[in-house]
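Worksheet: the structure to be examined is printed underneath.
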Amino acid sequence: MATMLELRQIDAFYGRIQALHGISLHVEKGEIVALIGSNGAGKTTTLRVISGLLRPGNGQVIYEDQDITRLSPDQIVVRRLIHSPEGRRIFARMTVLENLQLGAYTRTSPAEVTETLEEVFGLFPRLKERASQKGGTLSGGEQQMLAIGRALMSKPDLLLLDEPSLGLSPLLVQTIFSIIQDINKRGVTILLIEQNARQALQIAHRGYVLETGNITMEDTAANLLASEEVRAAYLGGNVKAS
Amino acid sequence: MFHWKKYRFVDWALVAVAVFVPFLPLVDHNGGHINVLVNAGIYMMLAIGLNIVVGFAGLLDLGYAAFFAIGSYTYAMVASPQFGLHFSFWPMVLVSAFVAAIFGIILGAPTLRLRGDYLAIVTLGFGEIVPQTFLNLAKYTGGPNGISAIDQPKLFGYHFGLNPLPYYYLVLVLIAFSLIVANNLRTSRLGRAWMAIREDEIAAAHMGINTTTAKLAAFSLGASFSGLSGVVNASLLTLVSPDQFKFNVSITVLSMLVLGGMGSLPGVVVGSAALSILNFFILPQASNIAASVGLHVDFTSYRFMLYGIILVVVMLFKPEGLWGSEQRKAELKEHGGAAGAENAEYEEMPRETV
């Protein structure tokens with residue numbers, strides 16, 4: 001496998017507060033990588049650094065053998081590295097179709113966009129039914145589908161997903177995760193961040209654990225699922241109360 | 001395809017008015033009326049331009065009169081005895097639009113990180129600085145007296161002179177041109193980028209929209225329209241002075257947008273026409289009528305109070321404006337909607353910092 005994305009010793013700051021302390025990670029082509037950690041660990045910050053929304057203080061972001069650390073978000077989107085933002089952020093007052101069309105903003109061939117639109121509708125038949133409805137009138141699960149569908153409209157090679165399960169019912173979480181697997185099987189590499197660690201690790205190939213801006217563990221998803229420390233900190237369940 | 005049913009009665013009424021407008025001077029020979037209509041047209045062009053900035057891109061600009069001033073002075077300086085230059089009117093229409101567009105970028109650049117109230121305050125400042133600068137650069141701009149004896153346009157040897165009629169047709173053509181350009185912009189790729197930014201700037205950046213370029217384009221394209229109207233204004237009055245470009249001009253144009261419906265081109269036309277009629281016909285007439293019955297009230301001096309009342313009434317009963325865009329209607333009805341509730345208050349600051 002070829003390395004698709006590599007973070008080298010990333011330091012990131014919000015003003016004087018350091019959010020990331022020398023983070024290094026890599027994502028191989030075709031993988032699903034899960035980045036897990038609690039609130040405030042720096043998961044979203046990591047994605048913001050990758051997609052160019054936040055300039056790191058130090059370190060490098062290498063994507064497909066190119067240094068993209070200093071590129072602007074729009075230059076990164078053109079390289080088919082797409083970030084589906086935290087909290088979905090769909091355009092509530094635009095229709096589902098308009099939302100999807102904006103997802104294809106950087107693409108130039110209308111014929112290809114139409115083709116992708118059909119693919120997205122194939123993946124999310126619900127979105128097709130609601131194509132002319134305003135984004136804000138969709139349910140939470142549908143909005144998440146729209147957010148993912150919108151990200152797919154730009155034909156990503158690498159898709160960054162920020163908490164796709166946030167605020168969804170357990171059943172919907174299952175659906176969304178199986179769709180993520182499906183997208184991955186179609187050739188999209190995925191870097192996923194989640195608080196729902198168990199679900200994320202179940203579909204991921206590898207995982208990283210992030211704690212207060214540091215990567216504390218790195219292993220295959222299966223090993224992380226089996227690990228005592230991860231179980232205790234993130235998975236809950238059969239851990240003796242101390 | 002053309003769908004008959006899509007069009008309501010009001011659409012046809014608008015078409016009828018648009019067809020009638022070019023023939024109006026044949027019916028109404030009163031030069032004073034025509035002059036008033038030309039002024040209304042100048043305001044309409046300003047409203048079309050400001051609508052790009054405020055309506056399409058959602059950037060609240062309270063200093064739009066500055067660009068009107070820049071457009072007017074650009075022509076005045078090169079087509080008057082001020083420097084002994086007498087450039088032709090027609091190319092200067094484009095040059096002034098271009099100069100205003102450049103100043104649009106100059107104002108836009110430092111405000112890129114600002115939004116809402118903060119943006120409004122900075123643009124308000126710019127709107128005050130520009131006329132002050134023209135006032136104090138007396139060597140070039142004639143100071144408080146301004147620049148007078150500005151050239152009037154000639155077309156194929158026909159001199160426009162002091163007759164407002166040729167200006168009437170000139171303004172009509174420029175308005176039609178502006179509306180076509182604005183409508184094309186609205187449906188263009190750039191137009192979609194503006195609407196995405198207006199809705200949610202961060203999400204727009206996630207879509208790969210270069211928000212910096214798109215916002216600067218809104219400022220400069222919006223400003224260019226005031227360049228057009230500035231040239232017409234300068235040549236019509238044959239005089240420009242700093243006091244023509246006070247804050248009240250910016251507010252009047254903004255009120256036109258709010259009244260008609262921000263972001264909606266028919267709304268801009270209706271809103272600017274309505275306020276101009278009030279401003280130039282109804283208020284002076286009311287004063288005359290009052291005077292004829294022995295009441296000496298100058299209603300025109302209550303203009304801004306009336307604007308205020310009208311705007312409050314419109315906000316209460318038809319907040320999307322007289323002819324608002326569907327989008328705007330939805331925005332106000334939903335109050336943000338389900339997703340908006342989650343997104344609306346979400347600011348740039350991520351949760352990690354809290």
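Residue numbering restarts at 1 for every chain, and letters A, B, ... go by the order of the sequence lines.
Between A:D74 and B:T212, the closest side-chain pair of non-hydrogen atoms is not below 4.5 Å.
Minimum interatomic distance between B:A196 and A:L102 (heavy atoms only, all atoms of both residues): CB-CD1, 3.7 Å. Smallest separation of non-hydrogen atoms from A:F91 and B:D200: CE2-O, 3.8 Å. Considering all non-hydrogen atoms of both residues, B:A205 and A:L53 come closest at CB-CD2, 4.1 Å.
Within 6.0 Å of the CZ atom in A:R126, the count of heavy atoms belonging to other residues, nucleotides or ligands does not exceed 12. Counting non-hydrogen atoms of neighbouring residues, nucleotides and ligands closer than 6.0 angstrom, the CG atom of B:L316 exceeds 12 such neighbours. For CZ of A:F13, the number of neighbouring non-hydrogen atoms (other residues, nucleotides, ligands) closer than 6.0 Å is greater than 12.
Between the side chain of A:H83 and the main chain of B:H206, no donor-acceptor pair closer than 3.5 Å is present.
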Starting from the C-alpha separation in whole Å, work towards a yes-or-no answer on side chain to side chain contact (heavy atoms under 4.5 Å, CB included) for A:M153 and B:M207. CA-CA 10 Å; A:M153 286 303 291; B:M207 299 300 104; over 6 Å; no
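Distance check: A:R93 CZ to B:M195 CE gives 14.0 Å after rounding to the nearest 0.5 Å. Between A:T108 atom OG1 and B:R189 atom CZ the span is 8.0 Å, to the nearest 0.5 Å. Interatomic distance, CZ of A:R48 versus CD1 of B:I202, reported as 7.0 Å (0.5 Å rounding).
Looking at A:Q101, both its backbone and its side chain come within 4.5 Å of chain B, counting heavy atoms on both sides. Neither the backbone nor the side chain of A:S154 has a heavy atom closer than 4.5 Å to any heavy atom of chain B.
Residues meeting the side-chain contact (heavy atoms from CB on, under 4.5 Å) test with A:R8, sequence neighbours left out: A:E6, A:Q60, A:I62. By the side-chain contact (heavy atoms from CB on, under 4.5 Å) test, A:V33 pairs with A:V27, A:E31, A:L191, A:R206, A:Y208, sequence neighbours left out.
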